[in-house]
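Take a look at the structure below.
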Amino acid sequence: VTNLPCRQQLREHMAMLLCAAANEHRCVGLVLIEVCSFAPILKAKGREVSNSVLREMTARILNSIRRSDMASRGYDAGGEAMLDADQFCIVLQGIDDLQGLARVAQRLLELLKQPVTVAGETFSLSVVASAAAAPQHGVTPEGLLTAVKSALLEARESEAPNAILFNS
């Protein structure tokens, strides 16, 4: 639907960046975004409209990140998913500090909260976001994903208006 890299490509890319970042003493940031209003749109309007919403969200993400960064849904319909179908994962290479990561996560969250117009109908979106960084919150793809998912649970439960940075 979105033509974003699959879960295997996401895992491989994260592993490569984590290794390079460790050698260069740099950070890798991970932002996880969940579109909480996706399921109701799918149920009320069907797959065609919900897929258009996903494509619009993808375009917004890709137009706002650097070429060296990677966006993925971490989801393959035919295989095991790393993420839910309503989630986007953005891997940020060479983050200088946690404040920089938090700023990027917040900027993405604000961008994706903007209403989406599909087939002449405007949809308000409920979106939450979380962020984690390596090596501070994890040194493997799995460890970093666990941290960012934990922060996303906190954001979802509190309906946080801001991106939640993982707090170990």
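The basis for the numbers below is simple: all heavy atoms, side chains too, and nothing from hydrogens, waters or symmetry mates. When a residue number appears, it is its place in the shown sequence, counting from 1.
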Using 0.5 Å steps for rounding, measure from the [atom1] atom of [X] to the [atom2] atom of [Y].
X    : Y    : atom1 : atom2 : value
Q136 : L144 : CD    : CG    : 9.5 Å
S124 : Q114 : OG    : CD    : 10.0 Å
L112 : R107 : CG    : CZ    : 10.0 Å
R73  : L10  : CZ    : CG    : 12.5 Å
L108 : R60  : CG    : CZ    : 12.0 Å
I90  : I61  : CD1   : CD1   : 4.5 Å

[X] side-chain N/O to [Y] backbone N/O, donor-acceptor pair under 3.5 Å:
X    : Y    : value
T58  : L54  : yes
S130 : V148 : yes
Q9   : C6   : yes
S50  : I41  : no

Answer yes if [X] and [Y] sit in the same cluster of Ile, Leu, Val, Met, Phe, Trp and Tyr residues linked by side chain heavy atoms under 4.5 Å apart, and no otherwise.
X    : Y    : value
L92  : I164 : no
L111 : I33  : no
V139 : L18  : no
L153 : V128 : no

Where do [X] and [Y] come nearest, in terms of heavy atoms and distance?
X    : Y    : result
A151 : A131 : CB-O, 4.4 Å
A133 : L98  : CB-CD2, 3.5 Å
M70  : P5   : CE-CB, 3.1 Å
S52  : V118 : CB-CG1, 3.5 Å
E142 : R11  : OE2-NE, 3.3 Å
R66  : Q93  : NH2-O, 2.5 Å

The single option from V31, V127, L4 passing side-chain contact (heavy atoms from CB on, under 4.5 Å) against F88:
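The residue from V31, V127, L4 that satisfies side-chain contact (heavy atoms from CB on, under 4.5 Å) with F88 turns out to be L4.
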Check side-chain hydrogen bond (donor to acceptor under 3.5 Å, both in side chains) between [X] and all other residues, then give those that pass, not counting sequence neighbours.
X    : result
R26  : D96
D97  : none
R103 : none

Can you find a heavy atom in the side chain of [X] that is under 4.5 Å from one in the side chain of [Y]?
X   : Y    : value
Q87 : L152 : yes
L30 : F166 : no
M57 : L125 : yes

Should we count CD of E121 as having more than 12 external heavy atoms under 6.0 Å?
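Yes, CD of E121 has more than 12 neighbouring heavy atoms, counting only those of other groups under 6.0 Å.
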With a cut-off of 6.0 Å (strictly less than), are more than 12 heavy atoms of other residues, nucleotides or ligands near CZ of R67?
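Open.
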